[in-house]
Amino acid sequence: MMQLGPILKRPFYARPTAEVARALLGQVLVHGLTAGIIVETEAYPGRDDLASHSARGITDRTQVIFGPPGHAYVYLIYGVYECLNLVTEPAGTPGCVLIRALQPVAGIELMRERRPAARSLEDIARGPGRLTMAMAITRAHYGVDVTRGSLVVRGPAEPHSLAIEVTPRIGIRICAERPLRFILRGNRFVSGPRRWAAG
DNA sequence: GGTAGGATGGGCT
DNA sequence: GCCCATCCTACCC
């Protein structure tokens with residue numbers, strides 16, 4: 001495993017959701033032998049955002065979003081793929097950040113085996129369903145604490161300044177204009193549009 | 001380079 | 001019964 005910074009602690013996540021989504025860019029998601037730099041995120045603030053799964057209150061699926069920050073919210077999308085979110089805000093306030101794309105940095109051969117459809121390094125974890133396949137993250141990780149254990153987020157080995165771009169979120173119908181998607185400018189591992197579509 | 005259509009199951013009305 | 005925070009393949013420039 002490459003050298004990395006310390007595990008991000010709970011106070012990192014106990015902040016406004018959009019702020020956490022922005023701050024996660026450049027951090028490193030680690031699961032077992034695999035790791036990738038987070039290059040694309042989306043904020044789902046929960047309150048005042050009808051696009052958030054938590055907008056209609058606490059259910060069996062959404063309960064973790066209302067709990068303490070720094071836990072994983074994993075759900076099944078289109079009956080086929082799984083998406084990883086990290087819970088934000090203080091306990092009692094809903095909010096989470098969807099991890100949408102990674103730049104693989106460790107365990108790349110293992111990721112390739114898990115992603116036979118990927119024809120390039122860029123394709124391995126470019127997309128929320130793809131990155132969970134590459135890193136073997138499933139609904140079994142629902143609710144796990146990402147400040148300790150095998151699934152964690154670490155700081156980069158060396159801090160670096162990042163050019164960040166903000167765009168609307170991908171694949172949603174309501175609240176479709178809100179600028180809550182964050183990407184590393186010019187990064188080739190980002191999914192979808194790299195710029196805000198001209199009006 | 002691009003897009004259209006299908007797969008597939010859980011959550012909610 | 002309808003709606004998805006998606007991906008892959010086929011096919012067309």
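Each chain gets a letter, A, B and so on, in the order its sequence line appears, and its residues count up from 1.
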Exactly one of A:Met135, A:Met111, A:Arg115, A:Arg114 clears side-chain contact (heavy atoms from CB on, under 4.5 Å) with A:Arg130, and that residue is A:Arg115
Check whether A:Arg139 reaches the backbone of A:Leu76 with its side chain - one donor and one acceptor, N or O, closer than 3.5 Å. no
Identify every side-chain donor-acceptor pair in residues 94-109 of chain A under 3.5 Å, counting partners at least two apart or on other chains, and give the distances.
unit_1: A:Arg100; atom_1: NE; unit_2: A:Glu40; atom_2: OE2; d: 2.9
unit_1: A:Arg100; atom_1: NH2; unit_2: A:Ser191; atom_2: OG; d: 3.3
unit_1: A:Gln103; atom_1: OE1; unit_2: A:Asn187; atom_2: ND2; d: 3.1

Upstream residue (5' side of DNA chain C) when A:Arg119 and A:Arg100 are each assigned their closest nucleotide: A:Arg100
Is there a donor-acceptor pair closer than 3.5 Å between any side-chain N or O of A:Arg154 and the backbone N or O of A:Gly5? yes
Look only at the side chain of A:Tyr81 and the backbone of A:Met133, and say whether a donor-acceptor pair between them is shorter than 3.5 Å. no
Does the A:Ser120 side chain pair with the main chain of A:Asp123, one donor and one acceptor, at a distance under 3.5 Å? yes
Specify the residues of residues 139-147 of chain A, ordered by number, for which at least one heavy atom lies under 4.0 angstrom from an atom of DNA chain B. A:Arg139
Donor-acceptor pair, distance only, cut-off 3.5 Å: does the side chain of A:Thr167 make one with the backbone of A:Pro179? no
Are any of the side-chain heavy atoms of A:Tyr13 and A:Val146 separated by less than 4.5 Å? yes
Can any side-chain N or O of A:His31 pair as donor or acceptor with the backbone N or O of A:Leu151 at less than 3.5 Å? no
Is a side-chain donor or acceptor of A:Arg178 paired with a backbone partner of A:Arg169 at a separation under 3.5 angstrom? no
Near DNA chain B, under 4.0 Å by heavy atom, which residues of residues 59-74 of chain A? A:Thr59, A:Arg61
Between A:Tyr81 (OH) and B:dG9 (P), how many Å, whole number? 12 Å
Go through DNA chain C in 5' to 3' direction and return only the first and the last nucleotide with some atom under 4.0 Å of chain A's heavy atoms. C:dC4 to C:dC8
Basic-acidic side-chain contact under 4.0 Å: A:Glu19, A:Arg15: yes
Reading DNA chain B 5' to 3', how would its secondary structure be written in dot-bracket notation, given Watson-Crick and G-U pairs with both distances under 3.5 Å, brackets [ ] for crossing pairs and | for partners on other strands? |||||||.||||.
A:Ser52 side-chain N/O to A:Gly46 backbone N/O, donor-acceptor pair under 3.5 Å: yes
Can a donor-acceptor pair be found, under 3.5 Å and without considering hydrogens, that links the side chain of A:Glu42 to the backbone of A:Ile170? yes
Quick one: are the ring centres of A:His53 and A:Tyr44 less than 6.0 Å apart? no
Taking every heavy atom of A:Val28 against every heavy atom of A:Ala35, the minimum-distance pair comes out as CG1-CB, 4.0 Å
Are there any protein N/O atoms within less than 3.5 Å of an N/O atom in nucleotides 2-5 of chain B, and if so, which ones and at what distance?
none

